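Before I ask anything, let me first share the structure, which is written out below as structure tokens.
Whatever order the structure lists them in is the order used to number ligands and atoms, beginning at 1. This is a predicted model, so every value here is computed, not measured.
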Amino acid sequence: MTTSFELPLWHDLHVHFRQGDIMPALIKDHLDMGCSTVLAMPNTKPPVAKVRQCDDLPYWSVEGYRDMIMQAGGDAFDDVIVPLYLTKDTTPAMIEDGAKAGLLKACKYYPPHGTTGADFSYPFEKFIENGVFAALQDHGVTLCIHGEEHGMEAEQYFDRKINAEEYFYQQRMPKLADSFPHLKVVGEHLTTKVGVDFIQSAGKNFAASVTPQHLIYTVGHLLKGLNYHLYCLPLVKYDEDRAALRAAVSAPDNTQFFAGTDSAPHVEKLTACGCAAGCYTGGIAPQLYAEAFEMAGVDLSQDAGQTLFSNFITNIGGAFYGLPTPQDTFTLVREPSEVCMLQTDAGTVTPLPKGMSTDERVSMKWSIRR
Ligand code: DOR
Ligand code: ZN
Ligand code: ZN
């Protein structure tokens with residue numbers, strides 16, 4: 001008998017919807033795959049780095065970007081969380097005002113120049129000195145962190161003994177936890193065992209989002225054939241790291257690791273000098289997560305396995321951000337489904353599984369029914 005199970009709509013708590021002509025197709029893909037609430041990242045052009053539209057700063061606002069996404073989705077999302085991009089212009093007063101007005105649930109830290117769209121970022125320690133992190137803690141605003149050290153020498157950036165994420169979780173995170181014991185923190189797109197161990201040893205005010213690609217692949221998949229569609233930041237890591245992530249997301253007592261796809265479309269993935277970082281998994285993420293859970297040894301034909309899965313994609317992140325459990329449902333069926341290129345008004349986007357294969361037709365093990 002074919003395995004199939006029904007579950008509440010889910011929350012993608014880390015996604016990139018960009019701006020302009022590409023946006024409607026991305027949002028449609030997310031709604032089609034059963035997303036109820038999304039946390040839409042602010043590394044747009046211009047970045048979402050002020051709270052209110054009327055603020056006199058040359059950025060987009062949390063208010064305006066949230067409305068833009070809601071409207072483009074025909075008001076079909078239950079909620080859209082837009083974190084404020086932390087820049088040199090962010091002040092504690094801005095955080096307090098945004099939180100009190102109910103406009104600000106989260107902020108995003110990017111390592112300066114460390115990844116796509118991180119040009120407006122500001123060094124981590126500055127936010128400790130200028131009171132911004134303290135204001136987040138005082139007003140119950142979550143700090144979403146791209147947890148990689150910036151400005152590292154190549155020898156440390158990715159090596160067997162250390163990499164940019166490990167350095168960040170060994171050097172920065174413990175100090176953050178000590179200095180702000182009540183701050184709510186999400187380690188975004190976690191990739192290493194060091195990161196997993198840190199989150200598990202930290203308080204329940206720490207959580208982490210985990211992508212499909214970091215559960216499915218290792219750096220060997222990226223390097224073997226130089227499959228650049230798998231190039232994202234943080235980089236996919238080693239088998240041991242992937243095993244730690246798989247164990248964390250599928251643990252019966254998991255309350256800290258939840259779904260955040262980091263779906264990040266790039267119409268021009270290869271550039272004149274290198275490659276844009278980001279994997280596109282819109283439209284196919286629950287199917288890929290289901291495959292990853294099976295790889296982690298979870299039996300999705302059984303109630304117990306289905307509960308672990310539903311906790312990961314809906315309940316744990318929902319509890320962290322205080323979201324209600326969606327009333328509507330969708331169904332996952334263990335039947336092959338084909339992955340198609342995404343045509344947008346800004347160009348074609350290659351979904352990750354298509355980019356990992358030279359076959360004309362590429363399919364996943366799972367399908368979705370709405
Ligand atoms: O791979 C990534 N892509 N990592 C990020 O942190 C940003 C994202 C993007 O916006 O393309
Ligand atoms: Zn990131
Ligand atoms: Zn991201």
> For atom 4 (N) of ligand 1, which protein heavy atom lies nearest, and how many Å away is it?
Replying inline: L233 O, 2.8 Å
> Which atom, among the N/O/S set of D262, is closest to the Zn ion (ligand 3)?
Replying inline: OD1
>> Using side-chain heavy atoms (C-beta onward) and a distance below 4.5 Å, is I199 in contact with L190?
In response: yes
> Are V298 and F258 in one and the same hydrophobic cluster, where Ile, Leu, Val, Met, Phe, Trp and Tyr link if side-chain heavy atoms are under 4.5 Å apart?
Replying inline: yes
> Less than 6.0 Å separating the ring centroids of Y321 and H11?
Replying inline: no
>> Please check: side-chain N/O of D21 versus main-chain N/O of T344, any donor-acceptor pairing under 3.5 Å?
In response: no
> Given F206 and F198, is the ring pair (Phe, Tyr, Trp, His ring centres under 6.0 Å) satisfied, shown in steps?
Replying inline: CA-CA 9 Å; F206 275 76; F198 175 81; 5.5 Å; yes
> Can you tell me the angle formed at the Zn ion (ligand 2) by NE2 of H189 and ND1 of H146, to 10°?
Replying inline: 90°
> Could you walk me through whether Y122 and N130 pass the side-chain hydrogen bond (donor to acceptor under 3.5 Å, both in side chains) check?
Replying inline: CA-CA 11 Å; Y122 200 45; N130 69 11; 5.6 Å; no
> For ligand 1, which atoms sit closer than 4.0 Å to a heavy atom of H146?
Replying inline: 6 (O)
> Just wondering, is there an N, O or S atom on E188 that's nearer than 2.8 Å to the Zn ion (ligand 3)?
Replying inline: no
>> Tell me the protein heavy atom at minimum distance from atom 3 (N) of ligand 1, and give that distance in Å.
In response: A277 O, 2.9 Å
> Which residue owns the protein heavy atom closest to atom 5 (C) of ligand 1, what's the atom, and how far is it?
Replying inline: T115 OG1, 2.9 Å
> Do Y110 and ligand 1 have an N or O pair less than 3.5 Å apart?
Replying inline: no
> Is the closest heavy atom of R18 to ligand 1 under 4.0 Å?
Replying inline: yes
>> Give the atom numbers and elements of ligand 1 that come within less than 4.0 Å of a heavy atom of A264.
In response: 3 (N), 8 (C), 9 (C), 11 (O)
> Should the pair K269 and Y228 be classed as cation-pi, given the thresholds of under 6.0 Å to the six-membered ring centre and 45° from the axis?
Replying inline: no
>> Looking at ligand 1, is there an atom of it that comes within less than 4.0 Å of some heavy atom belonging to H266?
In response: yes
>> Closer than 3.5 angstrom, by distance alone: can the side chain of R370 be matched with the main-chain N or O of M33 as a donor-acceptor pair?
In response: no
> Of all N, O or S atoms in H14, which has the smallest distance to the Zn ion (ligand 3)?
Replying inline: NE2
> Between R18 (side chain) and P265 (backbone), is there a donor-acceptor pair under 3.5 Å?
Replying inline: yes
> Under 4.0 Å from any heavy atom of C232, which atoms of ligand 1 are there?
Replying inline: 1 (O)
